[in-house]
Protein chains: 4
Amino acid sequence: MAIHAAVAGASGYAGGEVLRLLLGHPEIRIGALTGNSSAGRPLGEVQPHLPALAGRELVATTAEALAGHDVVFLALPHGRSAALAAKLGERTLVVDCGADFRLRDAAAWERFYGSPHAGTWPYGLPELPGAREQLRGAGRIAVPGCYPTAASLALYPAYAAGLAEPEAVIVAASGTSGAGKAAKPHLLGSEVMGSMSPYGVGGVHRHTPEMAQNLSAVAGEPVTVSFTPTLAPMPRGILATCSAKARPGVTAAGLRSAYEKAYRDEPFTVLLPEGRWPATASVYGSNTALVQVVLDEAAHRIVAVCAIDNLAKGTAGGAVQSMNIALGLPETLGLPTAGIAP
Amino acid sequence: MAIHAAVAGASGYAGGEVLRLLLGHPEIRIGALTGNSSAGRPLGEVQPHLPALAGRELVATTAEALAGHDVVFLALPHGRSAALAAKLGERTLVVDCGADFRLRDAAAWERFYGSPHAGTWPYGLPELPGAREQLRGAGRIAVPGCYPTAASLALYPAYAAGLAEPEAVIVAASGTSGAGKAAKPHLLGSEVMGSMSPYGVGGVHRHTPEMAQNLSAVAGEPVTVSFTPTLAPMPRGILATCSAKARPGVTAAGLRSAYEKAYRDEPFTVLLPEGRWPATASVYGSNTALVQVVLDEAAHRIVAVCAIDNLAKGTAGGAVQSMNIALGLPETLGLPTAGIAP
Amino acid sequence: MAIHAAVAGASGYAGGEVLRLLLGHPEIRIGALTGNSSAGRPLGEVQPHLPALAGRELVATTAEALAGHDVVFLALPHGRSAALAAKLGERTLVVDCGADFRLRDAAAWERFYGSPHAGTWPYGLPELPGAREQLRGAGRIAVPGCYPTAASLALYPAYAAGLAEPEAVIVAASGTSGAGKAAKPHLLGSEVMGSMSPYGVGGVHRHTPEMAQNLSAVAGEPVTVSFTPTLAPMPRGILATCSAKARPGVTAAGLRSAYEKAYRDEPFTVLLPEGRWPATASVYGSNTALVQVVLDEAAHRIVAVCAIDNLAKGTAGGAVQSMNIALGLPETLGLPTAGIAP
Amino acid sequence: MAIHAAVAGASGYAGGEVLRLLLGHPEIRIGALTGNSSAGRPLGEVQPHLPALAGRELVATTAEALAGHDVVFLALPHGRSAALAAKLGERTLVVDCGADFRLRDAAAWERFYGSPHAGTWPYGLPELPGAREQLRGAGRIAVPGCYPTAASLALYPAYAAGLAEPEAVIVAASGTSGAGKAAKPHLLGSEVMGSMSPYGVGGVHRHTPEMAQNLSAVAGEPVTVSFTPTLAPMPRGILATCSAKARPGVTAAGLRSAYEKAYRDEPFTVLLPEGRWPATASVYGSNTALVQVVLDEAAHRIVAVCAIDNLAKGTAGGAVQSMNIALGLPETLGLPTAGIAP
């Protein structure tokens, strides 16, 4: 029996990617599609890459429109999920691609988002220790941010194995789709093509406390994060270059071993053979995370790199993967591991 | 019972795309993978976007390696298919992504390719009138060139309906993957990013006679083609801008009607609603062709545009679609219609 | 004694490029800079690539602000130039980068722009026969559109020599800066990177009558133009692929000879050696136009290609070149011929 | 009286950029141009963006060809400069864009380059303390690497003022031209467009000891550098994101003040106003370095970012700037500060 899924925010990039993946999911039937300013228009006008849904009409984002589905994906600006979820009832699985329920620390939420903390939901990064247990049977899922997904997959094995000092430095390059579909001058193609630029420098990006939360949890002690996001001239992809001082006595072999152990059985996170480094092109459109790690002997730093597709594994893919777990479906169902390359 | 497929030339762009699509095809089991200079290496080194096949070893391209499969995809430079196919036996479906068996006119072949004509196989563009009949049950398939796929889908309805004068002008922009994976200086990222350039101008591109063949066949008279390919700063995609003088008395309504009729029941070719134009981004990684047409009243020309993914619908997708027909499978099996966007 | 120049619309792409070129012009002193919504802000905020002018304040676009300069460049939306110019007095050279005064045919203007025709000024494409004579000493200059610049340079020698039939087919790819700096969703980097798309298809683009005007003038008979612009994933550059039926008896040698004669003494238009084709990267940031032409014998069509930088030779460079002529300065003063490559 | 300059390696990217800048330099006359595999060909075939030199013939790279010029620019693979320079005599200014004479530490040279150390020449980064004194009247100049230029300009003021702990973490994104013009598969446009990837991770990139040398010199103590270069999908540009723990007691105001003091009088290095961050697009083709710095209070790290054009300020621009100083010319002569944007 098909599982009925609705997508709120179906006109945006995250919502469009959820739909693309759901179209390839054998157990899902796509129900209501909602938008804001695009309500009333056919989806084909705003998501021309989804011809199978071109004739579907976008409706306004209301609890009424979303009710009656088995799963509701929320791909909305932060601040809207709590009220909608409250009206959807416990029997509906609500998968929130937004930020509202990611943080456990209410003070951190309020400091970075400037509004009251809505709460905390099971965290949709199944690769983290203990995450799958929380996701199984869950009725609410907080999908991680795209940067925290990449940074956590790059560094958590080092922290889980007690190999890294609790000060992480993360510099990540993101494709422009991470900034969404709203037309802002600095996101024009004329501005971003051929250009790299940083933004949110100095610890002010909202994904910073989420990274610290993930790494601290596995480290068992507070980990500070210095995070610098940069905008790269590509539509998709995140390359997170992450490093931390190695604890005394850490060896290259011990480091490698920790990562091999962490990712040996993961279906979507691939530790590359030594000497090969990930490219975001390799994961274009897929739910795969490619990871590599090395010990810089001279600087005695662990340097780990993770490449993901920010919209796929970083948002919609992680959402569907978590949904699969919550619903008791095979975790990999409907999720491509193959990227579109070249 | 699974269908076993081998891919010759699995290290190249076309071969990699065949593999990506076959990985999502529910009836196919992937067998031998062959390469030339990459023989002996694991596929993961040359196709890092296909983690599911990363450990598979590439073997040398020989008839022995390819034997014993139900389907063999040839993604090789032209000139090699005839000898291989001869050794593969009639019970193996051979799908040639190369040029050897596309042309019916031996003289045209020899003029453009400078070597003896190998013959003509059923032509893998199912959307053309009569093509599906030839493909059903076929044991050999000549996959069309990427440019002829786009140009033929753009213009054939006009010629089939007798609306266009027999002189077509085709200017197409292609992503760089169309030029293959061989490292040539003019294909370096430093050279192609931020740049448009033409090549093969003046009727010398090898896809020219194939376009003329397709359009002439549906027109019932010889159609000459002026074709200019250009290299665009993107990895994938073809945008073919095609035009021809309208025959006297042609109206916008009549033109629209001919295209609606041609594409009403096609699973992969979409005539866009009036006023919307195709972008190659919308078909990234998919088997969809987006088409639009308009009558330029002042110049009395039919202007038709088609966007495809050169590696997907333009090569590997067309190959799998044709294979499905030949094997009696549902034509759309394993082929995504959704593009990866943005 | 320095020539004082003001730039209206200094916050936009065309205005910024005028400023960049004027900064390298030895005879110009840059005076007032005006903007619309950016009035009151320092130029450094909106044109961060011009550090030498970072502290200059943008003022509102009024005749008062522009008065008292020797030259005023207008880089404004169409419809505003006439009123401003009227107030600037005859001793000020007004160089209009907008469309208002390009067309001689008032009916064509009104059909394409939907507003009353303002008049016709000397046309700033010095390479056209007779243009330099009109520009010398002129007090008003209409800078051509970027597409008409490329298309006219590609085809005019063929029409001037009577070699081409009067039906031109022009397909041009433009970088996104041609669409300006206004934030529109379809111009987002996420949308345009990796994608080619057409727009204004079917004879409706406003540059169409300007091309027809230029080619008709040199042909001595009405030339119809079928023009299809496409948006290419690059910030700058136009590649115009232009063709027309060759008149009976036209030979490759005769064609070549006509182009050699036309461009032999031009400082900025380069006819490439046979066999080489222009790339837009080669003219990035320069005032150079690269041209090549060939006779397609089978289709009996003349195919000519021109690459320019749409903001440089296509707008600001053409404006400065024309200003140089009008003021009696050396035509090449301050204008780079070298592109930025790779 | 004109200064005669020869360029060895004129067919490559660095050599081409030297030529582009020299074409705009009022005191330079361009003499011999040498190449290796391209010897005997006209420059127009390999550097089509330099029409003013299109007819010049490339000759083989020999001391004889380079002799008799006032200045010789070497844009060659490392290992060749010493022998050539030895033959050129002391009256010729030799400006080496390669690595041979950058390092003072012979052991570091041999560890990273695997060949005997050739020596140390005055270092062509005039912004570093004491550098201009060494460059004035110099007969030999070692042009810095592109990454060290960006990283040193980002971090040196912090180290010079004693504000940073001696462990720097540098993650830099470079355009593909930094990898040169040799055709390698991973540098194909199809591979690099739309993709970010790291390389030389873990302290093995050859620019690492040069960064450490520069920062250690200004710090007055050994500074270790953890450096990760990444390849970005753009032809040009470097964005260096650099950080280090702040020393105890460092304040945002003190940090800002140190940078303001360092760059107040620099003609090419611009400290941006607070709150604005550099983009590589802003320095495209120019000799400008844009710098910004902030104190991450939570992580107590200094985060500094520098954007340069790797071929201009990072190579050829730095070379010409240093040449100007060595020859007693105005330091800014012939060097644009305006980038090509958008």
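Each chain gets a letter, A, B and so on, in the order its sequence line appears, and its residues count up from 1.
- Contacts with chain A were tallied for Pro235(C), Ser195(C), Pro185(C), Ala182(C); Pro235(C) has the most, counting heavy-atom pairs under 4.5 Å.
- Looking only at heavy-atom pairs under 4.5 Å with chain C, the residue among Gly175(A), Pro233(A), Gly194(A) that has the most is Pro233(A).
- Just one of Ile308(C), Leu153(C), Asn287(C), Thr288(C) meets the side-chain contact (heavy atoms from CB on, under 4.5 Å) condition when paired with Thr269(C); it is Leu153(C).
- Ion pairing of Lys313(A) with Glu17(A) is absent here, as no side-chain N (NZ or NE/NH1/NH2) approaches a carboxylate O to less than 4.0 Å.
- Leu58(A) is not listed as a side-chain neighbour of Thr34(A), based on a closest heavy-atom distance of 4.5 Å or more.
- Interface remark: Ala179(A) contributes no atoms to any contact with chain C (heavy atom separation under 4.5 Å).
- The shortest side-chain heavy-atom distance between Ser282(C) and Leu290(C) falls under the 4.5 Å cut-off.
- The parts of Lys181(A) that come within reach of chain C are both its backbone and its side chain, each placing non-hydrogen atoms under 4.5 angstrom from that chain.
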